[in-house]
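The next block holds one structure in the form of structure tokens; read it before the comments.
Numbering of residues begins at 1 and proceeds along the displayed sequence. When reading the values below, keep in mind they use all heavy atoms of this one structure, side chains included, and skip hydrogens, waters and symmetry mates.
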Amino acid sequence: QAQLVESGGGLVQAGGSLRLSCAASGRTSSRYAMGWFRQAPGKEREFVAAITWSTCRTYYADSVKGRFTISRDNAENTVYLQMNSLDPADTAVYYCAAALRPAGLRYASTYNSWGQGTPVPVSS
């Protein structure tokens with residue numbers, strides 16, 4: 001399994017932007033699909049975005065479509081989440097995850113490895 005470490009979170013004002021990074025180490029020779037999930041206080045973890053390995057096909061939750069962009073640098077074993085036009089409703093801990101199967105990427109159960117999460121509080 002890959003080890004994943006997120007970075008880039010922090011307090012941001014509504015309307016602002018942040019870019020999250022997720023660096024993979026360990027078994028990075030495997031071709032993982034990567035995803036971002038988030039969990040707000042008192043709520044369940046929800047899908048945000050995902051990207052496949054070979055074609056870099058992307059998937060987004062409706063709530064972030066048009067505002068967030070997922071990308072990856074396979075040479076650097078890093079995946080990014082660019083978040084624009086942030087809203088207080090985006091406040092959550094953001095987690096990146098790696099999946100060996102490039103299918104069912106909207107579901108947390110698909111993923112084999114998870115990072116520890118990075119908090120993103122958005123102030124109004």
Side-chain angles (χ1 to χ4, degrees):
Q1 289 186 340
Q3 287 77 52
L4 307 175
V5 178
E6 303 96 336
S7 61
L11 180 64
V12 61
Q13 288 189 331
S17 298
L18 276 179
R19 188 176 81 155
L20 305 183
S21 300
C22 174
S25 61
R27 190 179 173 183
T28 56
S29 60
S30 298
R31 296 186 173 187
Y32 293 100
M34 300 294 294
W36 287 96
F37 287 74
R38 66 186 182 186
Q39 187 165 17
K43 295 187 176 181
E44 294 188 353
R45 193 170 297 191
E46 65 174 1
F47 170 76
V48 175
I51 186 168
T52 60
W53 169 270
S54 56
T55 62
C56 291
R57 182 174 180 178
T58 56
Y59 305 83
Y60 295 96
D62 288 343
S63 59
V64 306
K65 199 173 295 184
R67 299 188 299 124
F68 290 13
T69 302
I70 188 170
S71 62
R72 67 188 299 161
D73 184 335
N74 290 340
E76 297 294 329
N77 295 315
T78 301
V79 64
Y80 304 97
L81 185 68
Q82 177 67 44
M83 305 186 295
N84 298 328
S85 302
L86 283 161
D87 184 89
D90 297 314
T91 294
V93 176
Y94 284 71
Y95 299 88
C96 73
L100 288 171
R101 290 192 311 120
L105 294 176
R106 297 178 181 271
Y107 304 101
S109 59
T110 295
Y111 294 83
N112 309 98
S113 302
W114 291 85
Q116 293 300 307
T118 184
V120 178
V122 182
S123 64
S124 58

Indicate yes or no: at least one non-hydrogen side-chain atom of Ser71 is less than 4.5 angstrom from one of Gln82.
-> no

Can you find a heavy atom in the side chain of Leu86 that is under 4.5 Å from one in the side chain of Leu18?
-> yes

Between Arg67 and Asp87, is the closest basic N to carboxylate O distance under 4.0 Å?
->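 Result for this pair is no, no salt bridge flagged.
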
Answer yes if [X] and [Y] sit in the same cluster of Ile, Leu, Val, Met, Phe, Trp and Tyr residues linked by side chain heavy atoms under 4.5 Å apart, and no otherwise.
{"X": "Val48", "Y": "Tyr111", "value": "no"}
{"X": "Tyr80", "Y": "Leu4", "value": "no"}
{"X": "Met83", "Y": "Val122", "value": "yes"}
{"X": "Leu20", "Y": "Tyr60", "value": "yes"}
{"X": "Phe47", "Y": "Trp36", "value": "no"}

Closest non-hydrogen atom pair between [X] and [Y], with its separation:
{"X": "Ser17", "Y": "Asn84", "value": "OG-OD1, 2.9 Å"}
{"X": "Gln3", "Y": "Gly26", "value": "OE1-CA, 3.3 Å"}
{"X": "Ile51", "Y": "Arg72", "value": "O-NH1, 3.4 Å"}
{"X": "Ala108", "Y": "Trp114", "value": "O-CZ2, 3.6 Å"}
{"X": "Leu105", "Y": "Ala33", "value": "CD2-CB, 3.8 Å"}
{"X": "Leu81", "Y": "Ala49", "value": "CD1-CB, 4.2 Å"}

Consider only side-chain N and O atoms of Tyr94 and Arg38, and report whether a donor and an acceptor are under 3.5 Å apart.
->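 Tyr94 vs Arg38: donor-acceptor pair found between side chains.
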
With distance as the sole criterion, is a donor-acceptor pair present between the side chains of Thr78 and Asp73 under 3.5 Å?
->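 Short answer, no.
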
Taking it one step at a time, do Leu100 and Tyr32 satisfy side chain to side chain contact (heavy atoms under 4.5 Å, CB included)?
-> CA-CA 5 Å; Leu100 288 171; Tyr32 293 100; 3.3 Å; yes

Any sub-3.5 Å donor-acceptor pair from [X]'s side-chain atoms to [Y]'s backbone N or O?
{"X": "Thr91", "Y": "Pro121", "result": "no"}
{"X": "Glu6", "Y": "Cys96", "result": "yes"}
{"X": "Ser85", "Y": "Gly15", "result": "no"}

How long is the span from the [atom1] atom in [X] to the [atom2] atom in [Y], to the nearest 0.5 Å?
{"X": "Ser123", "Y": "Leu11", "atom1": "OG", "atom2": "CG", "answer": "5.0 Å"}
{"X": "Glu46", "Y": "Ser63", "atom1": "CD", "atom2": "OG", "answer": "5.5 Å"}
{"X": "Thr52", "Y": "Met34", "atom1": "OG1", "atom2": "CE", "answer": "12.0 Å"}

Report, as yes or no, whether the 6.0 Å neighbourhood of atom CD on Gln116 holds more than 12 heavy atoms from other residues, nucleotides or ligands.
->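 At most 12 heavy atoms, drawn from other residues, nucleotides or ligands, come within 6.0 Å of this atom.
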
Dump the intermediate steps for side chain to side chain contact (heavy atoms under 4.5 Å, CB included) on Val93 and Val120, then the final yes or no.
-> CA-CA 6 Å; Val93 176; Val120 178; over 6 Å; no

Do Tyr95 and Phe37 have their ring centres less than 6.0 Å from each other?
->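 Not close enough - the centres of the two rings lie 6.0 Å or further apart.
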
